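Notes for the one structure printed next.
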Amino acid sequence: MKLLAVDTATEACSAALLIDDDVIARYQVAPREHTQLILPMCDALLSEAGITTAQLDAVAFGRGPGSFTGVRIAAGVAQGIAFAHDLPVLCISTLAVLAQQVVANKNATKVLACIDARMQEIYWAAYESDEQGMASLVGKEMVVPPANVQLPRGQGWHGAGSGWQSYTDILVQRMQGQLVAWDGALLPDARYMLRLAQQAYTRGEAVTADRAQPIYLRDKVANKPAKKPALSKH
Amino acid sequence: MLVLGVESSCDETGVALVDAHQGLIAHELYSQVELHAEYGGVVPELASRDHIRKTLPLIRQTLADAGKQATDISGISYTAGPGLMGALLVGASIARSLAWAWQVPAIGIHHMEGHLLAPMLEDSPPEFPFIALLVSGGHSMLVQVSGVGQYQILGESLDDAAGEAFDKTAKLLDLGYPGGPALAKLATQGNADAYHFPRPMTDRPGLDFSFSGLKTFALNTWQNSPQNEQARADIARAFQDAVVDTLAIKCRRALQQTNLRRLIVAGGVGANLHLRQKLKDDCKKLNAEVYYPRPEFCTDNGAMIAYAGMLRLQAGQVDDLAIRTRARWSLEELEVV
């Protein structure tokens with residue numbers, strides 16, 4: 001399978017290409033430079049592999065949660081490439097990508113992925129690895145104040161993501177006795193999206209380019225003004 | 001050369017196809033005006049969220065309208081700025097990536113260049129050089145246009161744009177949002193002699209505008225009025241007359257100062273009938289010609305971006321693989337074609 005994955009949801013910008021069993025990838029922490037970097041990264045990967053976008057079987061992107069603008073850049077890139085050649089798209093959770101990184105590298109089986117959502121909230125989800133070593137969502141993803149997170153049962157949890165850095169005290173205290181380690185500097189990397197995307201593809205979760213849409217989790221972004229005319233009628 | 005153009009700088013998604021020989025082939029527009037109406041103004045985050053839902057379906061529709069396929073497209077242009085950063089990024093990300101995947105050149109276009117070239121899409125386009133009055137909800141400026149990419153800003157608004165002043169005054173008069181067109185309609189029922197509003201910055205030389213004082217003037221006038229329906233219409237009339245007169249005075253000055261004989265008017269306020277009539281009369285006296293795009297191309301659209309893109313791509317100007325956006329960008333910085 002030939003699969004291209006992109007992620008621009010956080011300060012990290014990354015792209016990865018799966019060609020059957022081979023993986024090549026680019027990753028760079030570069031806040032506000034995602035628009036400059038993402039297509040050159042993709043172009044370099046395809047050139048290295050000696051293929052064109054028309055030869056891809058599918059495209060995957062980090063569909064959020066994360067920076068609204070960042071998530072839309074990845075969605076826009078995935079939409080453009082997928083539309084160009086009528087390719088299927090896999091919309092992969094950035095929290096799942098974080099969890100997969102920990103499962104793959106830290107020999108962990110339980111991960112609490114957490115990204116700082118600003119406005120005193122975090123994006124939060126729990127994952128457990130399955131027999132194939134794939135991070136699998138337990139419960140659901142949410143945006144909540146750190147003091148209100150739903151705590152998982154049991155011990156042996158690993159924390160991952162910027163939320164652990166921003167709210168270390170609150171989260172570590174709440175998880176006392178349940179937590180093995182945490183890494184607040186970990187950012188999602190498209191390299192770890194490939195296997196998740198492949199799995200989603202096999203499960204038949206691919207969508208058309210038009211449906212390659214972000215998941216923001218935070219959906220209330222503006223308040224409607226109170227219904228009061230500027231001038232009263234007499 | 002067949003160019004696909006994508007516009008997403010504010011609250012309208014526009015897509016069009018322009019051919020070097022056949023001109024405009026197809027265009028589609030999706031307006032978010034209803035989405036933002038209940039908030040009383042454009043909410044940038046909601047605008048971005050809607051653009052990413054609507055852009056691809058519009059591209060698909062535009063290609064279908066024209067009966068064209070991927071292999072027919074020889075280049076893609078998109079609005080790179082100025083505008084709402086989040087909104088610009090959506091169109092830019094999709095358009096730039098699509099061009100990369102199709103292996104065709106791409107170019108980021110200045111939104112206001114699109115507007116001032118829009119009259120070129122009509123049957124009898126103006127020849128260079130000309131004066132352009134760009135008046136919309138986001139901009140008010142007078143530009144001397146000597147050729148594509150040769151723009152000199154002669155004057156611009158120091159505060160509210162003309163369209164913004166229309167919308168804000170309409171809001172004060174309880175005409176909803178965006179109320180500019182409703183205000184213009186109500187003005188036709190107003191008595192021209194009931195009130196007189198100032199013509200800001202016309203008593204001194206120069207071509208800059210200032211419209212923010214007029215809405216305060218409208219509010220004060222209302223508070224001292226009988227506050228009935230007739231007063232509302234009279235104030236709408238007096239306000240519109242003041243904006244139109246001010247714009248006309250500055251256009252006249254710009255034409256006289258530059259010795260040019262052609263004026264083009266673009267941007268949403270360019271659809272205002274009273275402004276069109278006034279400029280037509282004034283230009284006749286000056287022995288000058290006035291040109292407009294069709295009303296649907298006065299407001300934001302993909303056609304003007306596809307057209308500007310076609311001119312620049314034809315001239316060999318091509319962007320690298322960066323997804324280009326600039327929230328602030330002066331017309332005077334553009335490359336000459």
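Each chain gets a letter, A, B and so on, in the order the sequences are listed, and its residues count up from 1. Treat the numbers as computed from the prediction; the structure is a model and nothing was measured.
Contact count against chain A (heavy-atom pairs under 4.5 Å) is highest for B:R53 among B:R53, B:Q103, B:R96. Highest contact tally toward chain B, considering only A:A74, A:A78, A:P40, is held by A:P40 [criterion: heavy-atom pairs under 4.5 Å].
In this structure, chain B has a heavy atom under 4.5 Å from the side chain of A:Q213, while its backbone stays farther away. Within the 4.5 angstrom heavy-atom criterion, only side-chain atoms of A:T53, from C-beta onward, approach chain B. When heavy atoms are compared at a cutoff of 4.5 Å, A:L56 does not approach chain B at all. Within the 4.5 angstrom heavy-atom criterion, no atom of B:L58 approaches chain A. Both the backbone and the side chain of B:I52 come within contact range of chain A, each with at least one heavy atom under 4.5 Å from a heavy atom of that chain. B:R49 touches chain A through backbone and side chain together, each having a heavy atom under 4.5 Å away. With a 4.5 Å cut-off on non-hydrogen atoms, A:D219 touches chain B through its backbone and its side chain both. Only the side chain of A:I38 comes within contact range of chain B, with heavy atoms under 4.5 Å apart.
Other residues, nucleotides and ligands contribute at most 12 non-hydrogen atoms within 6.0 Å of the CG atom of A:D86. Annotation: A:Q120, atom CD; neighbour count of heavy atoms from other residues, nucleotides and ligands within 6.0 Å does not exceed 12. Around the CD atom of A:Q150, the shell of radius 6.0 Å holds no more than 12 heavy atoms that belong to other residues, nucleotides or ligands. No more than 12 heavy atoms of other residues, nucleotides or ligands sit less than 6.0 Å from atom CD of B:E34.
The distance from atom CG of B:L321 to atom CE of A:M41, rounded to the nearest 0.5 Å, is 13.0 Å. Rounded to the nearest 0.5 angstrom, B:L89 CG and A:H34 NE2 are separated by 11.0 Å. A:T69 contributes atom OG1, which lies 11.0 Å from atom CG of B:L88 (distance to the nearest 0.5 angstrom). Note that CG of B:L63 and CZ of A:F83 are 5.5 Å apart. Values are rounded to the nearest 0.5 Å. Note that CG of B:D319 and CG of A:L39 are 11.5 Å apart. Values are rounded to the nearest 0.5 Å. In this structure, B:M85 CE and A:T35 OG1 are separated by 7.5 Å, a value rounded to the nearest 0.5 Å.
Ion pairing of A:R72 with B:E45 is present here, as a side-chain N (NZ or NE/NH1/NH2) and a carboxylate O approach within less than 4.0 Å. A salt bridge links A:D210 to B:R60: one of the charged nitrogens lies within less than 4.0 Å of a carboxylate oxygen.
Among the candidates B:L98, B:L56, B:V90, the single residue satisfying the side chain to side chain contact (heavy atoms under 4.5 Å, CB included) test with A:Q79 is B:L56.
The nearest pair of heavy atoms linking A:I73 to B:S93 is CA-OG, 3.8 Å. Residues B:A101 and A:A84 share a closest heavy-atom pair of CB-CB, 3.4 Å.
Counting only heavy atoms from C-beta outward, the side chains of B:W100 and A:C42 approach each other to under 4.5 Å. At least one side-chain heavy atom of A:V77 sits under 4.5 Å from a side-chain heavy atom of B:I323.
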